[in-house]
Amino acid sequence: MKKNHLIEGQREKSGLSAHFERGDVFSDQCPSRDVLKHVTSRWAVLVLLALKGGETHRFSELRRTINGVSEKMLAQTLQALEQDGFVLRVAYPVVPPHVEYSLTESGMQVAEHVVGLADWIEDNISTILETQSRHIEKISV
C-alpha cells in the first residue's frame, strides 16, 4: 500500500487549493484576504449586524437602518457578501421589483463574530474616546 494513499471519496488537491485549504490571510495570494476585506468593511459589518436577527429585509429597509450608506455602496456590499455566500438575495418577478436579503447559515456564523466585536466597541466606547482625546492632546502640544 502506498504511503500517500487517499481516503475513499477524497480527491487529491494540488496547486493553490492544497496550499490554501485552511486559508492564510497573511498571504497576498490567499483568497481569504479578500473575504476578510469584504466582511470587515464598514458597510459589511453594518449589513451583517442589520441582518443578524434572521429575518429578511428589503434594500430600502437596509438603507434606512444603516444611516449614511449610499445606494451604490449598499448594493456593492450586498453583492460582495452574496458572492462570498453570506447573504441570500431573493428577487420576486413583480412590478415594481421586490428583492429581499437575509443571511445564509455561513452569514449567521460570521455575523456572530462581528456582533461580538461591535458589542465590545459599544461597551468600551467611553474608554476609547478618552484615549483618543489624550492622544490628540499629546500630539497637539
Side-chain angles (χ1 to χ4, degrees), residues 1-140:
M1 186 180 231
K2 289 183 180 180
K3 185 176 181 182
N4 292 333
H5 70 282
L6 296 175
I7 298 173
E8 187 176 331
Q10 269 189 340
R11 289 190 201 156
E12 192 171 335
K13 294 181 181 177
S14 63
L16 283 177
S17 65
H19 183 71
F20 293 123
E21 187 170 318
R22 181 182 180 281
D24 179 6
V25 295
F26 288 107
S27 170
D28 62 350
Q29 299 298 309
C30 186
S32 64
R33 188 178 282 190
D34 286 334
V35 175
L36 180 67
K37 180 174 67 174
H38 297 161
V39 169
T40 58
S41 75
R42 168 182 22 178
W43 303 121
V45 167
L46 296 173
V47 165
L48 292 168
L49 292 173
L51 293 174
K52 73 176 171 41
E55 62 279 349
T56 61
H57 290 277
R58 294 183 71 173
F59 186 90
S60 58
E61 291 174 317
L62 287 171
R63 183 134 186 259
R64 281 191 301 272
T65 300
I66 304 169
N67 293 320
V69 68
S70 68
E71 283 188 28
K72 179 182 177 183
M73 285 310 302
L74 182 56
Q76 288 176 351
T77 300
L78 287 165
Q79 287 171 352
L81 292 173
E82 180 185 12
Q83 179 181 339
D84 292 339
F86 300 131
V87 167
L88 177 65
R89 178 185 186 272
V90 178
Y92 297 95
V94 295
V95 177
H98 179 93
V99 180
E100 293 181 341
Y101 297 91
S102 61
L103 293 178
T104 64
E105 184 60 38
S106 294
M108 293 293 279
Q109 291 174 19
V110 76
E112 287 180 34
H113 295 286
V114 171
V115 166
L117 176 61
D119 284 346
W120 185 90
I121 291 169
E122 288 178 341
D123 290 343
N124 292 279
I125 193 63
S126 60
T127 303
I128 294 167
L129 292 174
E130 288 173 17
T131 302
Q132 289 176 347
S133 178
R134 283 194 307 272
H135 180 74
I136 290 169
E137 289 174 9
K138 183 192 240 180
I139 61 173
S140 297

Tabulate below the donor-acceptor pairs under 3.5 Å that side-chain atoms of residues 48-58 make, not counting sequence neighbours, or state none.
residue : atom : partner : partner atom : Å
Glu55   : OE2  : His57   : NE2          : 3.2
His57   : NE2  : Ala50   : O            : 3.4
Arg58   : NE   : His98   : ND1          : 3.3
Arg58   : NH1  : His98   : ND1          : 3.1
Arg58   : NH2  : His98   : ND1          : 3.3

| task | Give the C-alpha distance, both sets of side-chain angles, the deciding distance and a yes or no for side-chain contact (heavy atoms from CB on, under 4.5 Å) between Val69 and Leu62. | result | CA-CA 9 Å; Val69 68; Leu62 287 171; over 6 Å; no
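- A donor atom on one side chain and an acceptor atom on the other are not found under 3.5 Å apart for Glu82 and Tyr101.
- Proximity of a side-chain donor or acceptor of Ser140 to a complementary backbone N or O of Ile136 within less than 3.5 Å is detected.
- Judged as a side chain to side chain donor-acceptor pair (under 3.5 Å), the pairs with a partner in residues 31-46 (not counting sequence neighbours) are, in order, His38-Asp84.
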Listing, residues 105-127 side-chain donor-acceptor contacts under 3.5 Å, not counting sequence neighbours, or none:
residue : atom : partner : partner atom : Å
Asn124  : ND2  : Trp120  : O            : 2.8

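- Pairing each heavy atom of Val39 with each of Ala44, the nearest pair is O-CB, 3.7 Å.
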| said: Under the criterion side-chain contact (heavy atoms from CB on, under 4.5 Å), I'd like the reasoning laid out for Arg89 against Val99: C-alpha separation, chi angles, the key distance, then a yes or no. | reply: CA-CA 7 Å; Arg89 178 185 186 272; Val99 180; 3.6 Å; yes
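- Applying the side chain to side chain contact (heavy atoms under 4.5 Å, CB included) test between Leu46 and each of Ile66, Thr77, Asn67 identifies Ile66 as the sole match.
- Considering only heavy atoms from C-beta on, Leu103 stays 4.5 Å or farther from Leu88 through its side chain.
- Note that CE of Met73 is 5.0 Å distant from CD of Gln76, once rounded to the nearest 0.5 Å.
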